Protein chains: 2
Amino acid sequence: MSRRRVTLADVAKAAGVSRTTASLVLSGRGRELRISQDVEQRVMRAADELQYRPNIVSVGLRTGITRTIGFVSDTIATSRLAGDMIKGALEAARERGVMLFIGETEGDAELERLLLQAMHDRQVDGLIFASMFTRTIKVPKGITAVPSVLLNALPKQPTPLPAVLPDEVEAGRTAARVLLDAGHRDGIYLIGTGPGMRDVTSGSVAAVERLTGIREVLREAGVKLAGGRVCPDWQPEYGLAATRDLLRTARPRALICFNDRVALGAYQALDDFGLKVPSDVSVVSFDDHPIAAWMRPKLTTVALPHYELGRKAVEVLFTEIGREHDPDRRGEVHRVAMTLQNRESVASAPAT
Amino acid sequence: MSRRRVTLADVAKAAGVSRTTASLVLSGRGRELRISQDVEQRVMRAADELQYRPNIVSVGLRTGITRTIGFVSDTIATSRLAGDMIKGALEAARERGVMLFIGETEGDAELERLLLQAMHDRQVDGLIFASMFTRTIKVPKGITAVPSVLLNALPKQPTPLPAVLPDEVEAGRTAARVLLDAGHRDGIYLIGTGPGMRDVTSGSVAAVERLTGIREVLREAGVKLAGGRVCPDWQPEYGLAATRDLLRTARPRALICFNDRVALGAYQALDDFGLKVPSDVSVVSFDDHPIAAWMRPKLTTVALPHYELGRKAVEVLFTEIGREHDPDRRGEVHRVAMTLQNRESVASAPAT
DNA sequence: CTCCGTTGCTAAATCGGGTTAGCGCCCGAT
DNA sequence: ATCGGGCGCTAACCCGATTTAGCAACGGAG
């Protein structure tokens, strides 16, 4: 029943030539090696009729190229982030005829070691080392045995590995500009991180960079931040608590929330205090999590480009594979733009 | 610089034996084939010292077993669902020393064909064919060339493929019981699907099965559904619209929403009408989407067991691989339990 | 007529393992 | 001394491709 796979030998026999010739023709090297038109046609026809497909496992053994890359992440399930990032990587990989191995380390160094080993055993052509939220990571040694790219992560120690990251500083600028453009100059508060450069949620690269961009734009416009609240974690309950705390002593006109989950909590706190978004308080946020479009009013937010990050990582990986033996390649950092999702949570400041 | 991989030949040479002997020892067949203790020790030591790892590509070519399975889904990014399902599959696979290829078809038949071909070319040991929401699918022919399992999907035509699905009927029963246990007997409405067996969101297996379970339990308790509203899609805006429409003519005591996104919309509508959850209206839902825990009050919902579904699929796939040549294997349907997440959105009915 | 250079194709080695068939040696029995 | 048989190991082939080295046939030059 189970028809055996068609092999190169079958094609060669059908075309009445040797395996060598068939291989040459099918790999497109027939021309330069002076294979006759007639033979070329016969091989092509035979391959076509038999529906020949080269066995990639075999090719992998012979050439060492498996048309396979590994996508290793700390965790893929926690945030929806992962989905789109993998989707982007998947599509970019498919365009190149390459498949993706997926692996999760759960942040466990031993699992990571095992996983990288398993990938090496399968002779992957390259590795994408991804983090689900932007942070600095310790680059596992041995990873350099194969071309690699860091995704959403920065190396703790300097390495020759390239990295792909969202442009968080510019995102901070964008968020600040949205408020300025709407005429806000007073009563702007931060929820999640800030107002000072030292008031940062620990371990969060995004916090530092977003804050940097926000402060830069406001400073240039001569606008002073009215205040801010740090959240230990950017979850709705902390956003709720921080905003409540703020509202007990202040009457903000605009909130910059450090992500959409925090913004969800902020909405709830504003509702508790009888404040309407955006007429009483404008809110702008980051990430463009699915809930942003479900909230009422719909949340204006600067989107994380998950899909593009995934794509870009694959693209960078392929140029890396191309220049594998280039001695002066070194870890460039690629920034992917974060674009504004302009929705309903920002209103003009009342004229003074 | 790039130290070549250690091969079996290196180990054999270091141990002073032939490749055959080394292979025999390392595959554990040394004992039965009367290899001496001394030689066995030497091989083991050599392998250990050289940190030998068999090249899986090579083994794949020789034995046809690649320790690799393919996970093909229609789309992995749309819902967060995918993440946990893949996570479950990933862990079950890792326990068996197997890696996962991920692929997305986007519901495109041509992409699907190409993807399955790419998987075959890589000699996967098995395939998981997943859908991101429960539905019936046309099983691609040619899929049976390799052991396969349907995940979250039922075949349109009868096939010998096993399927793994959430136990939606029992979930419907659970949701209904939650309300009955809280003393609700009147004013129970459905949002999303129902109240009749013909009022079903088209193409949704979950709708039919959940409704079946709900109606069964209520009927047995002698309770009549007060009504229901069908949503063309289970999104917040439709939930909002349907609930608003309902509230214009009725005063429900309890709502069974067909998923959490619909419930989010329902919350918003109830809020618009000044009704409090759960004191005025109890709400129970399905899925346990992340927002369920973020809503206020936190949503009581019957959870989709994504993680378990992924695990189960791999388990079933492996028994399938085991009985590959068993003539009387046929597509069993495995149901995975959906468990109640009891939170804050259901209150006791007022005593009559 | 011999020699040389093309032309057009193929034999054989190779990748790194698994697997089958069988070889040499030692021991005891005849 | 010869034979048979178990023991312990290995040579050689195989998986399905790529790649190197080289062979046969032919035509033109010397």
Side-chain angles (χ1 to χ4, degrees), chain A residues 2-44 46-47 50-68 97 120-123 125, chain B residues 2-44 46-47 50-68 120-125:
Chain A
S2 71
R3 54 207 181 336
R4 198 180 46 84
R5 269 188 80 92
V6 176
T7 73
L8 186 62
D10 298 327
V11 175
K13 200 198 290 178
V17 299
S18 72
R19 282 181 7 244
T20 308
T21 306
S23 173
L24 257 26
V25 169
L26 292 173
S27 62
R29 307 207 306 138
R31 284 287 149 68
E32 64 182 277
L33 285 175
R34 313 163 302 197
I35 301 291
S36 68
Q37 293 282 325
D38 172 50
V39 167
E40 178 168 324
Q41 300 267 325
R42 278 184 1 240
V43 171
M44 292 300 214
L50 296 175
Q51 301 204 53
Y52 168 71
R53 313 214 80 230
N55 181 329
I56 296 196
V57 176
S58 169
V59 175
L61 178 59
R62 178 64 233 251
T63 65
I65 295 165
T66 53
R67 308 197 70 72
T68 293
H120 277 133
D121 292 349
R122 284 168 179 79
Q123 307 257 72
D125 298 335
Chain B
S2 70
R3 55 210 179 331
R4 199 179 45 83
R5 271 188 77 94
V6 175
T7 72
L8 185 61
D10 299 327
V11 174
K13 199 199 292 179
V17 300
S18 71
R19 279 178 17 240
T20 308
T21 305
S23 172
L24 256 25
V25 169
L26 293 173
S27 63
R29 307 210 304 140
R31 285 286 149 68
E32 64 182 279
L33 283 176
R34 314 163 302 197
I35 301 291
S36 69
Q37 295 280 326
D38 173 50
V39 167
E40 178 168 322
Q41 301 266 326
R42 266 163 36 218
V43 171
M44 292 299 215
L50 296 174
Q51 301 205 52
Y52 170 71
R53 313 216 78 229
N55 181 329
I56 297 196
V57 177
S58 167
V59 176
L61 178 58
R62 178 65 232 251
T63 65
I65 295 165
T66 53
R67 309 198 70 72
T68 292
H120 277 132
D121 291 349
R122 284 169 178 78
Q123 305 256 74
V124 293
D125 298 336

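Lettering follows sequence order; numbering is per chain, from 1. Everything numeric in this text was worked out from a predicted model, so none of it was measured.
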| note | Tightest non-hydrogen contact, residues B:V57 and A:L61, listed as CG1-N, 3.5 Å

| note | When rounded to whole Å, the CG to P distance for the pair B:L24 and D:dG8 reads 13 Å

| Which nucleotide, D:dC9, C:dT19, C:dA13, lies nearest any side-chain atom of A:R19? | C:dA13

| said: Which nucleotide wins on minimum distance to the side chain of B:L61, given the candidates C:dG16, D:dT19, C:dG18? | reply: C:dG16

| Touch class at under 4.0 angstrom, heavy-atom based, for A:T7 against every strand present | sugar-phosphate

| request: Tell me which of B:S18 and A:R53 sits closer to the 5' end of DNA chain D, going by the nucleotide each one is nearest to. | output: B:S18

| message | Taking atom types as they are modelled, would you say the side chain of B:R62 forms a donor-acceptor pair with the base of D:dC14 within the 3.5 Å cutoff? | response | yes

| message | Taking 4.0 Å as the cut-off, does a side-chain nitrogen or oxygen of A:T63 come that near to OP1 or OP2 on D:dT18? | response | no

| said: From CD1 of A:I56 over to C1' of D:dG16, roughly how many Å is that when rounded to an integer? | reply: 13 Å

| said: Can you measure B:I65 atom CD1 to C:dG18 atom C1' for me and round it to whole angstrom units? | reply: 11 Å

| query | Does OP1 or OP2 of D:dG16 have a side-chain N or O of A:Y52 closer than 4.0 Å? | reply | no

| said: Classify A:S36 by what it touches in the nucleic acid, base, sugar-phosphate, or nothing, heavy-atom distance under 4.0 Å. | reply: sugar-phosphate

| remark: Here the pair of heavy atoms bringing B:T66 nearest to B:I56 is O-CG2, 3.6 Å

| request: Return the value, rounded to whole Å, for the distance between atom CD1 of A:I35 and atom P of C:dT6. | output: 18 Å

| query | Which part of the nucleic acid, if any, lies within reach of B:L8 when heavy atoms closer than 4.0 Å are counted: base, sugar-phosphate only, or nothing? | reply | sugar-phosphate

| Interatomic distance, B:K13 NZ vs C:dG16 P [rounded to whole Å] | 13 Å

| query | For A:R19, does its backbone N or O pair with a side-chain atom of A:S23 as donor and acceptor, under 3.5 Å? | reply | no

| remark: Between B:N55 and B:L33, the residue closer to the 5' end of DNA chain C by nearest nucleotide is B:N55

| request: Please state how far atom CZ in A:R34 lies from atom C1' in C:dT7, giving the value in whole angstrom units. | output: 6 Å

| Are the side chain of A:R122 and the backbone of B:R67 linked by a donor-acceptor contact shorter than 3.5 Å? | yes

| query | So which one's nearest nucleotide on DNA chain D is more toward 5', B:Q123 or B:V39? | reply | B:V39

| task | Flag yes if more than 12 heavy atoms outside B:Q51 fall under 6.0 Å of its CD atom; otherwise flag no. | result | no

| query | Once you round it to whole Å, what is the distance between C1' of D:dC7 and CD of B:E32? | reply | 15 Å

| For atom CZ of B:R31 and atom P of D:dC9, their distance in whole Å | 13 Å

| So how far is it from B:E40 CD to B:T21 OG1, rounded to the nearest 0.5 Å? | 11.5 Å

| query | Can you find a side chain N or O atom of B:S23 that sits less than 4.0 Å from OP1 or OP2 on C:dG18? | reply | yes

| said: At less than 3.5 Å, do the side-chain atoms of B:T20 and the base atoms of C:dT19 form a donor-acceptor pair? | reply: yes

